[in-house]
Amino acid sequence: MRKTIAAIRDLPAAFGAKATGARAERVRSSPQFDGKVFRNAAPRHPMTAASMRTIFREMFFGEHRELRKPAGAVPLVAAAPVESADGLHLTWYGHASALVELDGARVLLDPVWSDRVSPATFAGPRRLHEPPVPLSGLGRIDAVVISHDHYDHLDLATVRALVGASDAPFLVPLGVGAHLERWHVPAARIIELDWHEEATVAGVRFVATPAQHFSGRGITNDDTLWTSWALLGPRHRVFYSGDTGYFDGFAAIGAEHGPFDAALIQIGAYAPQWPDIHMTPEEGVAAGLDVRAKLLVPVHWATFQLAMHPWGEPADRVWSEAKEADLPLAIPRPGERIDVAEPPPVDGW
C-alpha cells in the first residue's frame, strides 16, 4: 500500500515539466519549432481512427499474442565494469539502454532501469527480463545521453539514481532540460542541444543529429525535441539512432560525421500503423549503410512489449538483412560487453 501511495504521489513529477524562461526561449527560436510544437523534417502520416481501432484490436485480441514474449528466460550477462575504456567497447543492457566506452570516456545511452515504462510504477509495459546489472554496478559514468522524453528512454527513477551516484552531465534535446530540472538535476549538469548543435564532454564531441519521431509524456505531444546522436571521439566514432523512422537524413549524417566504427540502431517496436516513427529491421540495416557504419548493433527490442510483432522477429530479420547487405552485425546478450574491433559472431541466442 505504501508503495502504491508513493507511486501516485510521484505521478505529477513523472509527467515532467514544460520549458520556461531561457529554456522556453531556446525552444521558440529553434528551426524545428513551428510556434506550437516541434516538427520533423518531413510530415508524419496522421494516425486515423481506423488505424487506432486496428492497433487496439491487434494489441489486445490479435492471434498468437504469446509470441510477443520470449519462450524462455532471456540470457543475461552480469559482468563487472571494466574501468579502463581504451578503444571502443559497447554494452547493451536491453531495449535502448547501452554503455559506450569510447577512447577513454564512458557514456550511458537512454538508461531505463525501472520495472515498467510508464508514469506509474504499478501500470504500463513491464520488463521481459531483469536489468543485467544494477545501476550501482555500472562503474564510472562520464556522460548520460538522452534521445527523447518517452518513458522507455527517459526514466524518472533512473535519473534520480544517477544524479546521486555520479557527477555526469546529461546531454538532452531541447525542452527535455525542464523535465530534469523538475527532477532536481542541477542546471549545471544539463546540456540541452538543438539539431546540429554540439558539446564536448570527457574529450568526446556529442552532436545532436536529426531523427524522424515525436515526443511527449502527458496529454500533449511534441513540446520537446527528439534526436539521434553522433559521438565523435579522438580515434573512434559511434552513431546512436534513438527512435526514428527511416528518412534521407541518415545519408547526410553519414556524409558529415561518418564513417562510424559502430552504430546502435533501433529495429524493434515497428508496425504498419506507424511507419514514420519506428524503423523495421530492414530499414535499420539501410540506415546503418547510410550512416556508413562499420558494425551494426541493433537496439530497441527484447525488453518491453511495445508492438504486435513476435519477440524475436526483429533480431531474426535484421540478421538476415545484414547478411544480404554484407553489413557486419553484432547481437550481444543483454549485459554482454563487446569489443568493436573484434565483435562476437551472431549465434542466434
Side-chain angles (χ1 to χ4, degrees), residues 32 34 36-70 94-96 110 112 116-120 123-128 147-154 173 210-228 241-250 265-288 290 298-321:
Q32 282 56 252
D34 70 358
K36 295 182 179 179
V37 295
F38 283 100
R39 298 286 188 185
N40 287 301
R44 291 198 307 262
H45 291 87
M47 189 74 74
T48 65
S51 295
M52 293 298 292
R53 287 194 296 270
T54 299
I55 293 168
F56 181 84
R57 183 172 60 252
E58 288 297 316
M59 185 67 77
F60 295 102
F61 304 105
E63 295 183 354
H64 308 300
R65 294 191 302 280
E66 72 280 359
L67 297 179
R68 299 175 195 166
K69 296 182 179 181
H95 200 58
D110 281 353
V112 175
R116 295 183 185 271
V117 284
S118 163
R126 194 169 195 169
R127 281 184 168 274
L128 301 175
S147 64
H148 64 295
D149 70 359
H150 284 156
Y151 290 97
D152 57 323
H153 295 259
L154 179 64
Q212 180 87 7
H213 197 54
F214 72 111
S215 65
R217 298 179 69 85
I219 298 174
T220 61
N221 289 332
D222 303 338
D223 294 330
T224 64
L225 187 60
W226 47 93
T227 69
S228 58
S241 70
D243 277 10
T244 180
Y246 181 73
F247 74 124
D248 59 9
F250 290 125
I265 290 186
Q266 170 264 310
I267 64 157
Y270 47 84
Q273 292 81 16
W274 52 82
D276 300 326
I277 60 172
H278 284 165
M279 291 187 288
T280 65
E282 292 78 15
E283 289 171 331
V285 171
D290 285 351
V299 299
H300 205 267
W301 75 285
T303 307
F304 299 104
Q305 180 187 328
L306 302 177
M308 290 78 76
H309 58 68
W311 176 80
E313 182 181 280
D316 292 339
R317 286 173 56 175
V318 80
W319 190 5
S320 175
E321 185 72 10

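All figures in this text were calculated on a predicted structure; none of them were measured in a lab.
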Student: Any idea which heavy atoms bring Ser241 and Ser228 closest together, and the distance?
Tutor: O-CB, 3.4 Å
Student: So, the side chain of Thr227 versus the backbone of Pro173: is there a donor-acceptor pair under 3.5 Å, distance only?
Tutor: no
Student: When you measure from the side chain of His300 to the backbone N and O of Gly268, does any donor-acceptor pair fall under 3.5 Å?
Tutor: yes
Student: Taking distance alone, no hydrogens or angles, what donor-acceptor pairs closer than 3.5 Å link side-chain atoms of residues 301-309 to residues at least two apart or in another chain?
Tutor:
{"unit_1": "Thr303", "atom_1": "OG1", "unit_2": "His95", "atom_2": "N", "d": "2.7"}
{"unit_1": "Thr303", "atom_1": "OG1", "unit_2": "His129", "atom_2": "NE2", "d": "2.8"}
{"unit_1": "His309", "atom_1": "NE2", "unit_2": "Ala269", "atom_2": "N", "d": "3.0"}

Student: For residues Val112 and Asp152, report the shortest heavy-atom separation together with the two atoms involved.
Tutor: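 Taking every non-hydrogen atom into account, CG2-O, 3.4 Å.
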Student: Go through the structure and list residues passing salt bridge (Lys or Arg N to Asp or Glu O under 4.0 Å) with Asp110, not counting sequence neighbours.
Tutor: none
Student: Can you list everything that forms a side chain to side chain contact (heavy atoms under 4.5 Å, CB included) with Asp149? Sequence neighbours excluded, please.
Tutor: Leu154, Val176, His179, Ser215, Arg217, Thr224
Student: Mind checking the CG-OG spacing from Leu225 to Ser147? Nearest 0.5 Å is all I need.
Tutor: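 That separation rounds to 10.5 Å.
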Student: Partners of Val318 by side chain to side chain contact (heavy atoms under 4.5 Å, CB included), sequence neighbours excluded?
Tutor: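 Partners of Val318 under the side chain to side chain contact (heavy atoms under 4.5 Å, CB included) test: Ile267, Pro281, Val285, Leu296, Pro298, Leu329, Ile331.
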Student: Report yes or no: does Glu313 contribute a side-chain atom to a donor-acceptor pair with the main-chain N or O of Pro310 at less than 3.5 Å?
Tutor: no
Student: With sequence neighbours left out, write down each residue that passes side chain to side chain contact (heavy atoms under 4.5 Å, CB included) with Arg65, or none if nothing qualifies.
Tutor: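 Partners of Arg65 by the side chain to side chain contact (heavy atoms under 4.5 Å, CB included) criterion, ordered by chain and then number, come out as Arg68.
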Student: To the closest 0.5 Å, what do you measure between CG (Asp34) and CG (Asp222)?
Tutor: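 Answer rounded to 0.5 Å: 9.0 Å.
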Student: Within a strict 4.5 Å, meaning less than it, do heavy atoms of the Tyr151 and Ser118 side chains meet?
Tutor: no
Student: Measuring from atom NE2 of His153 to atom NE2 of His213, what distance do you get when rounded to the nearest 0.5 angstrom?
Tutor: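 Separation between the atoms: 6.0 Å.
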Student: Trp226 versus Thr244: any side-chain heavy-atom pair under 4.5 Å?
Tutor: no
Student: Just grab all the salt bridge (Lys or Arg N to Asp or Glu O under 4.0 Å) pairs involving residues 266-282, residues at least two apart or on different chains.
Tutor: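 As it turns out, the salt bridge (Lys or Arg N to Asp or Glu O under 4.0 Å) pairs with a partner in residues 266-282, which skip direct neighbours, are Glu282-Arg317.
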Student: Out of curiosity, Gln266 CD to Ile277 CD1, how far, rounded to the nearest 0.5 Å?
Tutor: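 One gets 9.0 Å once the value is rounded to the nearest 0.5 Å.
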Student: Mind checking whether Tyr270 and Pro314 have side chains closer than 4.5 Å, heavy atoms only?
Tutor: yes
Student: Can you give me the closest heavy-atom contact between Tyr246 and Ala287, atom names plus distance?
Tutor: CE1-N, 3.8 Å
Student: Is there a ring-ring contact (aromatic ring centres under 6.0 Å, His included) between Phe214 and His148? Walk through the geometry before answering.
Tutor: CA-CA 8 Å; Phe214 72 111; His148 64 295; 7.8 Å; no
Student: With rounding to the nearest 0.5 angstrom, report the CE to CZ distance, Met279 to Phe247.
Tutor: 9.0 Å
